[in-house]
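Some notes on the structure that comes next.
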Amino acid sequence: MKKYTNTGNKDTRSGFGAGLQELGNENENVVALCADLTGSLKMNAFADEHPERFFQVGIAEANMMGIAAGMTIGGKIPFTGTFANFSTGRVYDQIRQSIAYSGKNVKICASHAGLTLGEDGATHQILEDIGLMKMLPHMVVINPCDYNQTKAATKAISAHEGPVYLRFGRPSVANFTPVDGEGFTIGKADVLTEGSDVTIVATGHLVWEAIQAAEALEAQGISAEVINMHTIKPLDAAAILSSVGKTGCVVTAEEHNRHGGLGESVAQVLTTNHPAPQEFVAVNDSFGESGTPAQLMEKYGLNASAIEAASKKVMGRK
Amino acid sequence: MSAQDLQAVVSQVRRDIVRMVHAVNSGHPGGSLGCTEFLVALYFEQMNHNAKSFSMDGVGEDLFFLSNGHISPVIYSVLARAGYFPVEELATFRKINTRLQGHPTTHDNLPGIRIASGSLGQGMSVAIGAAEAKKLNKDNSIVYTLHGDGELQEGQIWEAAMYASAKKVDNLICTVDVNEKQIDGSTDEVLAMGSLHAKFEAFGWHVLSIEKGNDLNAILATLAEAKAATGQGKPICILMHTEMGNGVDFMMGTHKWHGVAPNDEQLASALAQNAETLGDY
């Protein structure tokens, strides 16, 4: 199986900040808005270098979404930055009417997604955001897997015309994709390892956990195909069907509620095209709690060992 | 355009409104009629805009955002009469496959509409964004909005109001249709808002009032005053006191025609009160 090397843990939010900084220098129509979380979103470099294009809106996320929608009228490409919770659930109607239904070219950039923001606890740990966003017609939903890919995705979405939800996180996680984001295309899954016994479709930093699980499975004589599904919508159905056609079963892995997430989207593709056993590595319809990221991933079953166990279970259902 | 010519447009727009709403037995005539003079003054006199070749970005043009999207009949009629799209299309209002949806939308590319509205309280934020984009583009045009007074009960309005003054968005003129009525009754009964004048002033806005909000001359004078006050560091608010249902006697003085269509007999009465000046669609 193809090997991947962690070049050193990094937080994905810093990948966003680095991508935004480069965009600021490359495209004068890129503007950034933040709701009092500039440091947390790593937007300082953009703000320092382009103060005239950086809009501090204060703790008023609804207003931020509306302003972003309005800025597209005049050709700007607004990137909004706040935590995932405040980027989605708090402002759903503003996104729905002023951005999605109005077809505005806004990039909703959301940090601190999922359990792994850690100690702040469930009020801030949104596990429903992928579902909320993928339900909006024509919304693109992207959850990159590491620092390099988050940077690449940040730059790529500026060239996509239409609303985008970009999801990333707080903790430092393995960084293993190409430095220059080579091969990243919105809507095109990355097949990371080829396998014949089980398909593992993962998104976000669970892709690295999936690679670890595949290595453990390989040591036990099980061949796993790991797919990095960074784009949840539009979903790369062809990649899923091609792989599951070969392996006959699938595990999906995400830091999200099992309701409304990647797993559901994959299940929809399979049930309508090629029914196959599926296991869900996801949060089982609950809120999170305080703890370290590693503790939370262990307690809520979101790590490599959970993916390994789910892979064996789903193979037994073939 | 002379006051007489503007008044002729007002009369025709009123006819369009009641006919559109009657034809589909749904829609919002009361607020539409109350804001007819304002929108005619805005589109036929005040704003610099290009009806014949609509562009979403509107660079070099004044922009208008209708935040209280339920009064769609009046904006559709005014846009059509101003030349944005054929007046015949008014006959499709609220019908299947129409571009004239119940509440305005960009979804079907209707010229003149730049944002969807209907869910209340969002238009001021959008207008601020458009105004900020104009500043970035070195475009000295003005951004206008219209809000219902009941709409001011939405919290997002006050987030936006705070932002606009703090960030000196002074190319923005927001008008509030103060008809003191909302669906469940008078604004005082439903949720009294106290002095809107004091509230907007406290939020740092330059506040103007139109006591006779259905008087074209009063509207034009205040709009001119508002325009003259742009570029001075403050957003501008116009509190425009209107009569809901203005121009149709049985719709005036009550909140009951907020979202109710006239029957055949009532339509005849409404049309008899407003002369056909530009030709019915």
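Below, chains carry the letters A, B, ... as their sequence lines are ordered, and counting in each starts from 1. Keep in mind that what you see is a predicted model, and the values were worked out from it rather than measured.
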- Message: Under a 4.5 Å cutoff for heavy-atom pairs, which residue among Ile157(B), Asp139(B), Leu136(B) has the most contacts with chain A?
- Response: Leu136(B)
- Message: Less than 3.5 Å apart, any donor N or O on the side chain of Ser117(B) or Gln122(B) sitting next to an acceptor on the other?
- Response: no
- Is chain A contacted by the side chain of Ile113(B), its backbone, both, or neither, given a heavy-atom distance below 4.5 Å? neither
- Query: Is there a side-chain contact between Glu289(A) and Phe287(A), using heavy atoms and a 4.5 Å cut-off?
  - Reply: no
- Count the heavy-atom pairs under 4.5 Å between each of Lys135(B), Met162(B), His103(B), Glu132(B) and chain A, then report the option with the highest count. Glu132(B)
- Query: With respect to chain B, which residue among Ala60(A), Ser102(A), Gly103(A) yields the maximal number of heavy-atom pairs within a distance under 4.5 Å?
  - Reply: Ser102(A)
- Do the non-hydrogen side-chain atoms of Lys151(A) and Phe16(A) ever get within less than 4.5 Å of each other? no
- Task: Below 4.5 Å from any heavy atom of chain A, which atoms of Lys167(B) appear? Answer side chain, backbone, both or neither.
- Result: side chain
- Item | Electrostatic pair Asp11(A):Arg170(A) at N-O distance under 4.0 angstrom | no
- Task: Would you mind reporting whether Val30(A) and Phe79(A) have side-chain heavy atoms less than 4.5 Å apart?
- Result: yes
- Item | Over 12 non-hydrogen atoms of neighbours within 6.0 angstrom of CZ in Arg99(B) | yes
- Note on the structure: Given Val59(B), Ile115(B), Ile128(B), the one with more heavy-atom pairs under 4.5 angstrom with chain A than any other is Ile115(B)
- Message: Within the 3.5 Å criterion, strictly below it, is a donor on Asp93(A) or Ser119(B) matched to an acceptor on the partner's side chain?
- Response: yes
- Query: Which bit of Glu61(A) comes within less than 4.5 Å of chain B, counting heavy atoms only: side chain, backbone, both or neither?
  - Reply: backbone
- State, yes or no, whether a side-chain contact exists between Phe46(A) and Arg53(A) at a heavy-atom distance under 4.5 Å. yes
- Assert top hit (heavy-atom pairs under 4.5 Å, partner chain B, pool Lys104(A), Gln94(A), Arg96(A)) equals Gln94(A)
- Message: Among Val143(B), Val126(B), Thr106(B), Leu63(B), which residue has the highest count of heavy-atom pairs closer than 4.5 Å to chain A?
- Response: Val126(B)
- Per-residue contact mode, Ser125(B) against chain A (heavy atom under 4.5 angstrom): both
- Which portion of Ala62(A) sits near chain B, non-hydrogen atoms under 4.5 angstrom: both
- By a 4.5 Å heavy-atom criterion (distance strictly below it), what part of Ala127(B) contacts chain A: side chain, backbone, both, or neither? neither
